[in-house]
2 protein chains.
Amino acid sequence: MSLPHALLGLLAVEPASGYALTKAFETDLGRYAWHAGHTSIYPELGRLAEQGLVEVTAEGPRGSRTYAVTPAGRAELRSWLLDEPAEHSRRVRNEHVLRMFLLSALDPADARVALGRIAENTAAGAAELRRVRAAHADKPLIGREGFGQLAAEYGLRQYEAARDWAIWAMTQIDDNTESVGR
Amino acid sequence: MSLPHALLGLLAVEPASGYALTKAFETDLGRYAWHAGHTSIYPELGRLAEQGLVEVTAEGPRGSRTYAVTPAGRAELRSWLLDEPAEHSRRVRNEHVLRMFLLSALDPADARVALGRIAENTAAGAAELRRVRAAHADKPLIGREGFGQLAAEYGLRQYEAARDWAIWAMTQIDDNTESVGR
DNA sequence: GAGCGCATGTAATATGTTACATGATTCA
DNA sequence: TGAATCATGTAACATATTACATGCGCTC
């Protein structure tokens, strides 16, 4: 369960309301790393506050509450990021990768079509992240301003690798079916 | 919810019991693409059978049931793999990527340590997949024998890209803190 | 015949998702 | 003043995890 750490991380960069955090999960963070809706976020903030990892530092209009990390919360975040990932973190759930695994269940012609689509989609994703990177090119990499920049570069490289792979896989299938056909 | 498709994909390659499917999720598939335990798998097989997407083709010792995909199941799998991914499939949950996002919440020295660890781990992962690839080098890429080979190559490339990124990110942080320090 | 692994299941709990609901504030 | 967005919440449902439970079959 990484939602509490995601919240601590966001709040460590800048205090925010549950609503603002919800918005953050709708952009890059939720798209590439971790998704959550407001119905998960609000109760989790309550639990973090109970544990003393965050606290309400301000109350604004419309009943909004601004949360900030406490020193204990910052320590928890730090040790989570610096400790070795636990065994259970290996329990991945990634629909895109699953599709790549299951490609072997298709016949070669269908697999080729699916790979072509993957190549298109990953190329489009890479292009989008190149725009994100360009828009933040002048900001520092660490801290408030740079939040997510390292991750954007990471995503870009992953997309590029995925696209290269898809093209490679298509040629592999072509070579394979050709030699079988002979 | 991709579990039904994961099961259809595995059964499309080869009929199997729930127990055997559970084992499959404990190896590469569960490690890189999608994880599930037997308490999810058995009920899901029941639902798929109700829907006519799989059927029991044999019953063996100890009450074991061998499931196989029906033509309807194969059609469902095919269209899932060939259709555009749905909007909700973007709802990723990947703890590793989350860590990379949250790196910006650390101070530069800590971020460097975390990146060094990521570089180590991804290098180890790449090495492991190179062994997997070598062990299957002589098998075809599509169908029963090749199951997961394309995915293994994909994983290898992702690991390599992640490692390159981590090393790049460390140099970026070094350059950055150096220039600030001046 | 003892122990291990096969093979399936139930039940309790935790977590996540969807739909529904409410009211405040801002801005045009 | 009407619409959009802010801001939080509840409830029902679906899904996933953990712990518990049972019995068969194979091998030594």
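Please read all numbers here as calculations on a predicted model, not as lab measurements. Computed over heavy atoms, backbone and side chain alike; hydrogens, waters and symmetry mates excluded.
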Check your understanding: Can any side-chain N or O of Ser40(A) pair as donor or acceptor with the backbone N or O of Ala36(A) at less than 3.5 Å?
Key -> no

Point to revise | Residues Arg47(B), Glu44(B); criterion salt bridge (Lys or Arg N to Asp or Glu O under 4.0 Å); working and verdict | key: CA-CA 5 Å; Arg47(B) 266 170 255 141; Glu44(B) 188 61 50; 2.6 Å; yes

Point to revise | Nearest-Å distance for atom pair CD1/P, residues Ile41(A) and dG16(C) | key: 11 Å

Revision key, fill the gap. Contacts of Asp164(A) meeting salt bridge (Lys or Arg N to Asp or Glu O under 4.0 Å) (sequence neighbours excluded), chain-then-number -> none

Review point. Who passes side-chain contact (heavy atoms from CB on, under 4.5 Å) against Ala24(B), sequence neighbours left out?
Key: Leu10(B)

Point to revise | base_contact_polar (dT18(D) base, Thr39(B) side chain, donor-acceptor, <3.5 Å) | key: yes

Taking only N/O atoms, report every protein-nucleotides 2-5 of chain C pair under 3.5 Å with atom names and distance.
unit_1: dG5(C); atom_1: N2; unit_2: Arg62(B); atom_2: NH1; d: 3.1

Check your understanding: Arg65(A) has an atom CZ; how far is it from atom P of dA24(C), in whole Å?
Key -> 16 Å

Point to revise | Distance, rounded to the nearest Å, where Leu45(B) contributes CG and dT8(C) contributes P | key: 8 Å

Revision key, fill the gap. 5'-most contact on DNA chain C (nearest-nucleotide basis), His38(A) vs Pro43(B), goes to Pro43(B)

Review point. Glu153(A) and Arg130(A): salt bridge (Lys or Arg N to Asp or Glu O under 4.0 Å), yes or no, with the steps?
Key: CA-CA 8 Å; Glu153(A) 178 74 25; Arg130(A) 255 181 235 111; over 6 Å; no

Exercise for review: Look at Arg93(B) and dT17(C) and indicate whether a side-chain polar atom (N or O) is within less than 4.0 Å of OP1 or OP2.
Suggested key: yes

Practice item. Measure the distance from CG on Leu7(B) to C1' on dT15(D) and round it to the nearest whole Å. Key: 14 Å

Exercise for review: Measure from CZ on Phe25(A) to P on dT17(C) and round the result to the nearest Å.
Suggested key: 11 Å

Review point. In residues 46-56 of chain A, which ones come under 4.0 Å of DNA chain C, going by heavy atoms?
Key: none

**Study point:** N/O (side chain, Tyr42(A)) to phosphate O (OP1/OP2, dT8(D)) under 4.0 Å
**Key:** yes

Check your understanding: Are the charged groups of Arg31(B) and Glu128(B) less than 4.0 angstrom apart, N to O?
Key -> yes

Check your understanding: Looking only at side chains, do Glu95(B) and Ser2(A) share a donor and an acceptor under 3.5 Å apart?
Key -> yes

Review point. Could you give the NE2-to-P distance, from His35(A) to dG16(C), as a whole number of Å?
Key: 12 Å

**Study point:** Ser40(A) side chain, from C-beta outward: closest of dT8(D), dT25(C), dG16(C)
**Key:** dG16(C)

Exercise for review: Would you mind telling me which of dC6(C), dT17(D), dT8(C) lies closest to the side-chain atoms of Lys23(B)?
Suggested key: dC6(C)

Revision key, fill the gap. Separation of dT15(C) atom C1' from Glu95(B) atom CD, nearest Å, is 15 Å

Check your understanding: Who pairs with Arg93(B) by salt bridge (Lys or Arg N to Asp or Glu O under 4.0 Å), at least two apart in sequence or on another chain?
Key -> none

Check your understanding: Partners of Arg62(B) by salt bridge (Lys or Arg N to Asp or Glu O under 4.0 Å), sequence neighbours excluded?
Key -> none

Point to revise | Rounded distance (Å) that lies between atom P of dC24(D) and atom CD of Glu59(B) | key: 16 Å

